[in-house]
Amino acid sequence: MPKALITGITGQDGSYLAEFLLSKGYEVHGLIRRASSFNTGRLGHIYLDPHIPDARMFLHYGDLSDSGQLTNLIYNVQPDEIYHLGAQSHVRVSFDIPEYTGDITGIGTTRILDAVRRSGVKARYYQASSSEMFGASPPPQNEKTPFYPRSPYGAAKVYSYWMAVNYREGYGMFASNGILFNHESPRRGETFVTRKITRAIAAIKAGKQKDLFLGNLDARRDWGFAYEYVEAMWRILQHDRGDDFVVGTGQSNSVKDFVEEAFSYAGLDWKEHVKIDPKYFRPTEVETLFADASRAKKLLGWEPKITFKELVRIMVDADMEEAGLTPPGDGRKILAAKGFPIGSKL
């Protein structure tokens, strides 16, 4: 069976990708950081004890700061495909810890790429690039749009992008960049703005919270459903050669649009609960991102099914369920109608 290694397997994308690859018959290996508390909650529903004969997912301790461990892991696992998703991925936080972000999000990529080169493993490599690399470049953004990052995170991702290109061209490696625009889900980290909104709605409905503090409501993003985007990652590595692809919906909505849609769906008036806190503004803002993903559609056959409004409803329902509330109920119906596998863990 094909074998894949995923860095960042405990995150939103990593957990969905592990689930997707297992459904394709892969043996999946994941890199996880040692922590004093369990950080594998997103994987609990697909994890089997490695002693069980049917187990096809295996977790390995390591860190993107440790090149020796990365080389050993890649050499020992001998993966056919490597999905490098691990990073310090919070844009606003990257302003607070820019050096750490540069080391893990940027130099961490070089450590992985060089570990592949030194190990001699002929793996196809996927680099998780980001729409934040475009920053201030005018939309719509595609593969030919110049990069103009507006955060330490965006700058680190630009470095990683070009390292993947250099290893592809310099060493003949199959290395591809997936330039993914914002993709969300019920598994999104709690401090990211979309999930912050939907969790707050559940807490307000439960009587545990009154106000939601946000930053720039006018920032516009291209929001899609994360499960669909991990399929795009896989398709990028099934392409006949290493290449770079923009992945997104081609639609742009503001944070305010997300707030209004989510609160309205839950039967709340957002103006009674949302407050602006300047500390959530970035030193340099990215005003508008939305993708021209026509190349991915043409060459990979990939295009999204879930709309912006459907995504909002899926996320609100999931957080209300988690809070022990009865949600409006459209979320699971939407996923079922569009053919997505629905388990206990949205």
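The figures that follow rest on heavy atoms only: side chains count, while hydrogens, waters and symmetry mates do not. The first residue in the sequence is number 1, and the count goes up from there. The shown structure was predicted, so the numbers you read here are calculated from the model rather than taken from an experiment.
- In this structure, the side chains of S129 and L180 stay at 4.5 Å or more apart for every pair of heavy atoms.
- Between H90 and F192, the angle of the ring planes lies from 30° to 60°, which puts this pair in the tilted group.
- Between the side chains of Y265 and D317, at least one donor N or O lies within less than 3.5 Å of an accepting N or O.
- Taking the charged nitrogens against the carboxylate oxygens, E132 and R282 do have a contact shorter than 4.0 Å, which makes a salt bridge.
- L31 and L5 make their closest contact through N-CD1, 4.5 Å (heavy atoms, listed as atom of the first residue, atom of the second, distance).
- A donor-acceptor pair is defined here as one N or O able to donate and one able to accept, closer than 3.5 Å; no such pair exists between the side chain of N182 and the backbone of E184.
- Under the side chain to side chain contact (heavy atoms under 4.5 Å, CB included) criterion, P50 pairs with Y47, F58, not counting sequence neighbours.
- Between the side chains of H60 and N76, no donor N or O sits under 3.5 Å from an acceptor N or O.
- Proximity of a side-chain donor or acceptor of K205 to a complementary backbone N or O of L325 within less than 3.5 Å is not detected.
- Side chain of T105 to backbone of G102: no donor-acceptor contact under 3.5 angstrom is found.
- Checking side-chain atoms of R124 against main-chain N and O of L237 turns up a donor-acceptor pair under 3.5 Å.
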Using atom types as modelled, flag every donor-acceptor pair under 3.5 Å from a side chain in residues 250-263 to any protein atom, sequence neighbours excluded.
| unit_1 | atom_1 | unit_2 | atom_2 | d |
| --- | --- | --- | --- | --- |
| S252 | OG | R220 | NE | 3.4 |
| S254 | OG | K256 | N | 3.4 |
| S254 | OG | D257 | N | 2.9 |
| S254 | OG | D257 | OD1 | 3.3 |
| S254 | OG | D257 | OD2 | 3.2 |
| D257 | OD2 | S254 | N | 2.9 |

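- With hydrogens and angles ignored, the 3.5 Å screen pairs no side-chain donor or acceptor of K196 with any backbone N or O of G189.
- A donor-acceptor contact shorter than 3.5 Å links the side chain of Q141 to the backbone of S137.
- Taking a cutoff of 4.0 Å between a charged side-chain nitrogen and a carboxylate oxygen, K210 and E272 do not qualify as a salt bridge.
- Salt-bridge annotation for D243 and R295: present, with a side-chain N of the basic residue lying under 4.0 Å from a carboxylate O of the acidic one.
- Side-chain contact annotation: Y280 with N216, donor-acceptor N/O pair under 3.5 Å absent.
- Applying ring-ring contact (aromatic ring centres under 6.0 Å, His included) to Y229 and the options Y126, W302, W223, Y16 leaves one that passes, W302.
- Ring geometry for F245 against H239 counts as perpendicular: the plane angle is over 60°, on a 0 to 90° scale with 30° as the lower cut.
- Contact check on K275 versus D211 returns a salt bridge, with a Lys/Arg side-chain nitrogen under 4.0 Å from an Asp/Glu carboxylate oxygen.
- R111 has a carboxylate O that lies under 4.0 Å from a charged side-chain N of D103, or vice versa, which qualifies the two as a salt bridge.
- Put simply, the residue from H84, Q88, R33 that forms a side chain to side chain contact (heavy atoms under 4.5 Å, CB included) with L64 is H84.
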Quiz prompt | Stepwise salt bridge (Lys or Arg N to Asp or Glu O under 4.0 Å) check, K122 with D80 | solution = CA-CA 7 Å; K122 301 300 181 184; D80 301 293; over 6 Å; no
Practice problem: Would you check, one step at a time, whether the test side chain to side chain contact (heavy atoms under 4.5 Å, CB included) holds for T145 with V246? | Solution: CA-CA 10 Å; T145 303; V246 161; over 6 Å; no
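- Side-chain contact check for L335 versus F225: some heavy-atom pair is nearer than 4.5 Å.
- The side-chain hydrogen bond (donor to acceptor under 3.5 Å, both in side chains) pairs that include a residue from residues 154-165 are T109-S160, T110-Y159, Y161-D244, where partners are two or more places apart or lie in different chains.
- Checked against the 6.0 Å centroid criterion, the rings of F134 and Y148 do not qualify as a close aromatic pair.
- Of the charged side-chain nitrogens involved, none lies within less than 4.0 Å of a carboxylate oxygen, so that K271 and D269 do not count as a salt-bridged pair.
- For the pair K297 and E303, the salt-bridge criterion is met [side-chain N within less than 4.0 Å of a carboxylate O].
- In this structure, E19 pairs ionically with R187, as a charged nitrogen and a carboxylate oxygen lie closer than 4.0 Å.
- Side chain of R195 to main chain of P186: a donor-acceptor pair is present (N/O by atom type, distance under 3.5 Å, no hydrogens or angles).
- Contact record, Y61 with Q69: O-NE2, 3.0 Å, taken as the closest heavy-atom pair.
- Looking at Q127 and Y83, their side chains never bring a donor and an acceptor atom within 3.5 Å of each other.
- The backbone N or O of A175 lies less than 3.5 Å from a partner atom in the side chain of R168, making a donor-acceptor pair.
- Side-chain atoms of Q12 and S185 include a donor-acceptor pair closer than 3.5 Å.
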